[in-house]
Participant: 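Mind having a look at this structure? Questions to follow.
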Amino acid sequence: MKVLVVGGGGREHAICWKLRQSPRVTELICAPGNGGIAKIAVCVPIKATDVKAIADFAEKEKIDLTVVAPDDPLVMGLVDELESRGLRAFGPRANAAIIEGSKVFSKELMKKYGIPTAGYEVFTEADKAVEYLRRGSFPAVIKAEGLALGKGVIIARDFAEAETAVREMMEGGKFGDAGKRVVIEDFLTGPEISVLAFTDGKTLRPMVSAQDHKRALDNDQGLNTGGMGAFSPSRIYDEKMADECMNNIFLPTMRAMNAEGRTFKGVLYFGLMSTKDGVKVIEYNCRFGDPETQAVLPRLKGDLLEIFEAIIDERLDEVDIGWKDEACVCVVAASGGYPEKYETGKEITGIEAAESLDNITVFHAGTKLDGDKLVTSGGRVLGVTALAPDLDSAIKRAYEGIEKVRFDKMHYRRDIGIKKNQ
Ligand code: AMP
Ligand code: GLY
């Protein structure tokens with residue numbers, strides 16, 4: 001089968017790496033891919049958000065299956081476009097991807113169907129939002145309505161910070177149309193867990209749990225990033241919590257989407273917080289998480305292509321999934337300065353040395369080939385991923401691996417997976 005993966009980050013590298021293990025994948029293509037994906041797939045320079053160009057390419061090349069990994073093309077309707085041309089595609093249609101594309105939609109869905117989440121108000125006028133905040137308590141959580149590269153959530157410590165955030169989003173156009181409406185939420189506390197789930201709208205099968213580390217610096221200091229590392233399983237997600245989530249959150253969400261005429265087929269990502277009043281949904285994503293995928297897919301025993309096809313054909317209940325008991329840790333190496341200004345074009349060395357260690361895989365994110373040299377091309381450059389019998393040995397192993405990798409101004413967190421209370 002000829003398979004096209006859309007996207008070019010660490011998540012897409014992990015998806016391509018796993019698909020390469022499927023005997024039925026004979027040709028693997030990735031758009032646009034990166035320097036690491038180029039070693040296992042043919043990379044074509046088409047932007048993931050260029051819906052028409054991707055669909056034209058899939059049609060012309062007679063692609064048997066297109067896997068759409070990032071949020072933007074899903075929300076923009078790439079799956080719908082491919083289907084309208086009679087092509088097979090993995091991922092939710094636009095009318096279901098809205099669960100991530102609009103925070104107002106997802107909050108209203110949860111309220112309507114009684115799915116536990118933080119209390120909230122929606123605002124379309126900055127002055128009204130500011131007035132509400134003046135009377136409220138802090139910290140306050142302010143979320144832009146639409147997609148904002150994971151940066152549309154502000155936890156404001158006081159009124160001044162909150163007012164600035166609201167005005168920047170609603171009047172300053174900080175996130176474009178995505179910030180025209182805002183959701184102001186109650187501030188919740190507790191450890192966070194990410195659970196990704198396969199679903200075809202009839203069956204929902206959660207993957208093993210994970211946790212990511214969003215802040216740039218150790219001990220959750222510094223700015224929010226796209227994710228500085230992830231580990232699986234979560235240290236707190238036990239069978240009891242899994243049952244609670246299945247009954248109160250996962251299945252009710254799948255059914256709610258069906259009831260709304262927006263059947264969700266693909267990977268549904270539940271960003272969860274374990275609060276003193278039970279587990280609550282912090283956010284939904286309509287896709288595999290990044291970097292959680294890099295820590296979850298190495299644990300998957302089943303054939304990813306078979307799972308994708310079963311979801312498209314609505315027979316997910318029949319397929320073998322299976323998870324390894326081992327733990328997996330992914331430590332991200334970022335460019336110095338990220339998530340603010342950083343330089344690119346730095347030569348990367350040591351990847352082969354890292355991968356020569358047992359059970360280490362390096363997933364590339366912001367890398368590209370410059371002649372035969374591998375150089376940095378983004379903020380998050382790569383993720384060194386280790387599989388080991390338990391979390392503590394996977395952490396040790398991942399750090400042994402990352403120590404072999406070098407590039408100028410490389411930065412990584414030293415505490416991925418370590419927080420014992422989470
Ligand atoms: P999101 O992009 O929606 O995942 O939000 C980014 C981060 O903000 C989350 O991982 C949480 O740490 C935090 N956050 C979001 N919503 C809330 C909330 N209602 N209470 C406390 N923290 C939150
Ligand atoms: N790791 C969070 C996300 O993928 O949005």
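Counting from 1, the numbers follow the sequence of the chain as shown. Numbering of ligands and ligand atoms starts at 1, following listing order.
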Participant: Measure from the side-chain N and O atoms of Tyr342 to the backbone N and O of Lys409, and report whether any donor-acceptor pair falls under 3.5 Å.
Facilitator: no
Participant: Quick one: which ligand 1 atoms are inside 4.0 Å of a heavy atom on Val141?
Facilitator: 16 (N), 17 (C), 18 (C), 19 (N), 20 (N)
Participant: Quick one: look up the protein heavy atom nearest atom 2 (C) of ligand 2 and list residue, atom name and how far away it is.
Facilitator: Tyr269 OH, 3.4 Å
Participant: Would you mind listing which atoms of ligand 2 come within a distance below 4.0 Å of any non-hydrogen atom of Asp212?
Facilitator: 1 (N), 2 (C)
Participant: Please enumerate all residues that pass ring-ring contact (aromatic ring centres under 6.0 Å, His included) together with Phe264, with sequence neighbours excluded.
Facilitator: none
Participant: For Glu192, counting its heavy atoms only, list the atoms of ligand 1 lying under 4.0 Å from any of them.
Facilitator: 9 (C), 10 (O), 11 (C), 12 (O)
Participant: Nearest to atom 5 (O) of ligand 2 by heavy atom, Arg287, His213, Glu283: which?
Facilitator: Arg287
Participant: Does the cation-pi check pass for Arg414 over Tyr412, that is, NZ or CZ under 6.0 Å from the six-membered ring centre and within 45° of its axis?
Facilitator: yes
Participant: Give the atom numbers and elements of ligand 2 that come within less than 4.0 Å of a heavy atom of Gly289.
Facilitator: 4 (O)
Participant: Considering the heavy atoms of Phe187, write down every atom of ligand 1 situated less than 4.0 Å from one of them.
Facilitator: 20 (N), 21 (C)
Participant: Name the option, out of Val153, Thr117, Ile155, Asp220, that contains the heavy atom nearest to atom 23 (C) of ligand 1.
Facilitator: Ile155
Participant: With heavy atoms of Lys143 as the reference, note each atom of ligand 1 found under 4.0 Å away.
Facilitator: 3 (O), 15 (C), 16 (N)
Participant: Do Asp220 and Arg215 sit within salt-bridge range, that is, some charged N less than 4.0 Å from a carboxylate O?
Facilitator: no
Participant: Out of Asn285, Thr293, Thr225, Leu196, whose heavy atom is nearest to atom 3 (C) of ligand 2?
Facilitator: Asn285
Participant: Would you call Arg397-Asp390 a salt bridge at under 4.0 Å N-O?
Facilitator: no
Participant: Ligand 1 versus Asp186, non-hydrogen atoms closer than 4.0 Å: side chain, backbone, both, neither?
Facilitator: backbone
Participant: Does Phe288 have a heavy atom less than 4.0 Å from any atom of ligand 2?
Facilitator: no
Participant: Would you call the rings of Phe198 and Trp323 parallel, tilted or perpendicular, where under 30° means parallel and over 60° means perpendicular?
Facilitator: parallel
Participant: Run the numbers for me: atoms of ligand 1, each under 4.0 Å from some heavy atom of Glu283, listed by number.
Facilitator: 1 (P), 2 (O), 3 (O), 4 (O)
Participant: As a test of understanding, state which of Ser232, Ser194, Ser209 forms a side-chain hydrogen bond (donor to acceptor under 3.5 Å, both in side chains) with Glu292.
Facilitator: Ser194
Participant: Is the distance between the ring centroids of Tyr269 and Tyr284 under 6.0 Å?
Facilitator: no
Participant: Report yes if Lys214 has an N/O atom closer than 3.5 Å to an N/O atom of ligand 2; otherwise report no.
Facilitator: no
Participant: What is the ring orientation for Phe270 with Phe250, classed by angle as parallel under 30°, tilted 30 to 60°, or perpendicular over 60°?
Facilitator: tilted
